2 protein chains.
Amino acid sequence: MADVAREVGVTAKTVSRVLNDDGPVAVETRERVMEAVRKLGYQPNLMARNMRVGARDAAIGLVIPEMGNPFFGTVAGGVESVVRPRGLTLIVGSSSETAELERSLVATFLARRVSGLMIVPSAAGDHRYLRAERAAGLPIVFLDRPAVGMAADHVVSGNREGARQGVAHLLAHGHRRIGFVGDLPAVLYTRRERFQGYRDALEAAGLPFDRALVESGHDQEAASAAVVRLLALPDPPTALFAANNFASMGAVVALARARRRDVALVGFDDLPLAEVLEPPLTVVAQDPAAIGTAAAELVLSRLDGRPSRAACREQIPTRLIARGSGELPPSR
Amino acid sequence: MADVAREVGVTAKTVSRVLNDDGPVAVETRERVMEAVRKLGYQPNLMARNMRVGARDAAIGLVIPEMGNPFFGTVAGGVESVVRPRGLTLIVGSSSETAELERSLVATFLARRVSGLMIVPSAAGDHRYLRAERAAGLPIVFLDRPAVGMAADHVVSGNREGARQGVAHLLAHGHRRIGFVGDLPAVLYTRRERFQGYRDALEAAGLPFDRALVESGHDQEAASAAVVRLLALPDPPTALFAANNFASMGAVVALARARRRDVALVGFDDLPLAEVLEPPLTVVAQDPAAIGTAAAELVLSRLDGRPSRAACREQIPTRLIARGSGELPPSR
DNA sequence: ACAGCCGATGTCAACGTTGACATGTGTCAA
DNA sequence: TTGACACATGTCAACGTTGACATCGGCTGT
């Protein structure tokens with residue numbers, strides 16, 4: 001900047017004024033500055049600017065479990081689409097679903113003095129350590145799952161209601177024994193909610209809950225094995241509800257391997273090839289981009305000074321997409 | 001920092017020394033400083049540090065076309081896994097495959113004084129504007145596609161050889177008329193390379209090239225339509241080579257809709273549910289994570305002062321995964 | 001006993017930018 | 001003619017850190 005100023009024969013401050021459209025500058029001076037900027041290829045140093053101006057970085061920190069997962073990738077895309085037009089940069093890190101990495105990422109972001117924090121919390125974490133930051137006015141929003149140990153803004157899917165609808169869909173097609181295949185029970189929020197939705201649907205239909213019909217597995221293989229166990233029961237289910245996309249894929253694989261075209265299936269979360277499967281997969285689709293945009297807008301509204309101390313929760317509705325696999329009649 | 005110093009009764013500089021393990025500090029002082037840091041919840045300001053120390057931000061800027069696309073998401077994950085252990089933060093933006101957004105993202109990153117730039121270039125771009133930065137020593141690496149108008153480091157898949165292998169696989173199973181379904185021809189690098197591989201394979205087998213067997217479409221629907229056109233030819237292909245994952249999905253859908261179980265298919269790029277399809281999809285798999293890690297290591301090596309002016313190119317090999325769809329015999 | 005050195009800390013300035021305030025020049029109304 | 005005011009620009013300090021160099025007391029070796 002000093003170089004540009006020298007070139008034109010003015011002070012750095014004048015250059016600054018030109019570049020920020022701040023204060024009155026003579027038209028001629030402005031033009032000469034602009035030309036010098038071009039000539040010297042000068043680019044203002046955002047770091048220095050951020051430091052001087054706000055002590056806050058014009059950036060939003062986002063923690064997701066995994067970048068390769070299209071669900072979270074799409075969430076991130078939603079966030080970016082809202083945040084960029086506001087001149088904010090997106091800083092991303094993946095936690096591999098571990099509380100430790102998540103915390104270290106958050107520490108890095110805080111050290112950078114980001115303007116907002118968006119976190120897809122990992123299951124095992126405890127977020128009390130963020131209370132001070134939140135109290136200090138830093139916008140913090142949790143995505144896909146709520147924070148643990150702290151009341152904070154969060155945006156989640158309508159997991160319970162979505163699952164209820166999916167299971168109700170199977171019930172409507174005559175099924176009475178419906179298996180549930182989910183992630184490991186432990187503490188995972190989404191699994192808990194969806195399981196509740198499953199029970200809601202059964203209860204609304206006046207059906208008993210049978211613990212034997214509930215199986216779990218953390219990845220596709222484990223989910224496959226879980227499905228095999230369910231089908232081997234003395235009184236096996238005629239339909240399955242898969243509570244996440246790994247479970248869906250596992251179920252699809254297991255059914256295909258066993259050549260069981262007679263078992264109905266509804267999966268939670270849409271899959272790219274769902275419509276090409278045999279039979280096409282009926283799903284309860286989430287809207288990951290909407291989760292991202294809603295959360296980002298929440299951050300921006302906090303940034304714009306919505307003061308409300310109260311934590312707010314936003315639910316993004318799911319959508320049932322009937323394609324065939326959920327419409328099979330019970331086989332017995 | 002000043003607060004911490006006051007609390008302990010030392011100078012800011014001493015606090016700085018403790019925090020950076022820099023210079024000798026009495027054990028007792030160190031402990032008192034640490035305690036004050038904890039007590040006051042002090043966190044060093046990375047922006048200020050970066051500015052003072054290097055005038056470079058300890059961050060890497062990454063431009064990808066789309067975050068929701070698992071291919072690029074996985075690439076980003078690979079980058080992060082290499083870059084984070086080195087204490088570098090990842091800043092990401094998506095270009096939606098437009099040169100304009102790409103350029104504006106790059107401008108933002110440059111303004112932040114990132115330590116390195118990684119770009120998946122969009123098709124229409126021209127990267128000459130980056131020559132000055134590169135000459136000034138900023139590590140710049142292009143991913144998945146080379147830069148346009150500038151010699152620069154890049155890491156790409158073995159597109160041509162991979163496509164050749166995929167098509168050779170079909171030839172080995174007796175096919176003589178093999179359709180090619182790719183993205184729009186225009187300028188897209190990967191499409192061009194894969195098309196060359198297709199022709200390489202034909203030529204090696206002594207087969208004539210038939211322009212009528214080449215069709216294009218930019219998304220899944222268009223690719224489906226392209227396949228329909230191919231199958232409606234007077235002398236239709238008995239096998240198809242789909243040059244990217246949209247084309248693969250489109251082909252799968254088209255074949256399923258037409259109930260054509262007799263057409264062999266090899267796709268470029270693996271798909272999550274490939275093995276569940278009927279028949280399971282044979283693919284030429286890329287290794288997106290490896291592209292990301294290789295590119296990141298290239299950036300780091302440049303950062304560590306590998307001076308070489310020469311641009312270097314790295315190819316990540318592909319892998320043929322035979323699953324069934326590519327092993328169907330010709331139907332006539 | 002004294003030079004020399006090491007360990008512990010302090011002082012000052014600088015990184016690149018902008019906010020607060022000051023200065024100087026010309027214009028216009030009274 | 002003069003005071004007021006708008007405009008164009010300059011000066012200085014500060015944001016939070018750390019590099020370069022200075023200071024000071026005590027320990028070592030001869």
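In what follows, chains are A, B, ... by sequence order, proteins preceding strands, each numbered from 1. Predicted model only: the values in this text are computed from it and were never measured.
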Length of the [atom1]-[atom2] vector between [X] and [N], whole Å:
X      : N      : atom1 : atom2 : answer
B:R112 : C:dG16 : CZ    : C1'   : 15 Å
A:K13  : D:dC7  : NZ    : P     : 17 Å
A:R49  : D:dA14 : CZ    : C1'   : 15 Å
B:M1   : D:dT17 : CE    : P     : 6 Å
A:N50  : C:dG19 : CG    : P     : 12 Å
B:M51  : D:dT18 : CE    : P     : 12 Å
B:L46  : D:dT18 : CG    : C1'   : 14 Å

[X] side, atom [atom1]; [Y] side, atom [atom2] - distance, nearest 0.5 Å:
X      : Y      : atom1 : atom2 : answer
B:M118 : B:L298 : CE    : CG    : 8.0 Å
B:D153 : B:I140 : CG    : CD1   : 9.0 Å
A:F109 : A:S115 : CZ    : OG    : 13.0 Å

Could you tell me if [Y] and [X] have a donor-acceptor pair between their side chains, going purely by distance under 3.5 Å?
X      : Y      : value
A:E102 : A:S122 : yes
A:E80  : B:S94  : yes
B:T89  : B:R84  : no

- request: Measure distances between side-chain N and O atoms of A:R17 and base N and O atoms of D:dG10, and say whether any donor-acceptor pair falls under 3.5 Å.
  value: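 Answer is yes: a donor-acceptor pair is held.
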Side chain of B:N45 (C-beta onward), nearest among D:dT17, D:dT18, D:dC15: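 Of all the options, the side chain of B:N45 is nearest to D:dT17.
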task: Ignoring the backbone of B:R52, work out which of D:dA13, D:dT18, D:dT9 is nearest its side chain.
output: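 Between D:dA13, D:dT18, D:dT9, the one nearest the side chain of B:R52 would be D:dT18.
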- request: Give a yes/no answer on whether the side chain of A:S16 brings an N or O atom under 4.0 Å of OP1 or OP2 in C:dT18.
  value: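 Result: yes.
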Residues B:D183, B:R192: salt bridge by 4.0 Å N-O rule: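 No salt bridge links B:D183 with B:R192.
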- prompt: Is any side-chain N of the basic residue among A:D304 and A:R86 closer than 4.0 Å to the acidic one's carboxylate O?
  reply: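 Counted as a salt bridge, because a side-chain N and a carboxylate O are separated by less than 4.0 Å.
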message: Counting only heavy atoms and a strict 4.0 angstrom limit, can you tell me which residues of residues 19-38 of chain A come near DNA chain D?
response: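 Nucleic-acid contacts, sorted: A:P24, A:V25, A:A26, A:T29.
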query: Where along residues 2-12 of chain A does a heavy atom fall under 4.0 Å from DNA chain C?
result: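 Those residues: none at all.
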task: Could you note down all residue pairs passing salt bridge (Lys or Arg N to Asp or Glu O under 4.0 Å) where residues 2-19 of chain B supplies at least one of them, sequence neighbours left out?
output: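 Listed by first then second residue: B:D3-B:R6, B:E7-B:K39.
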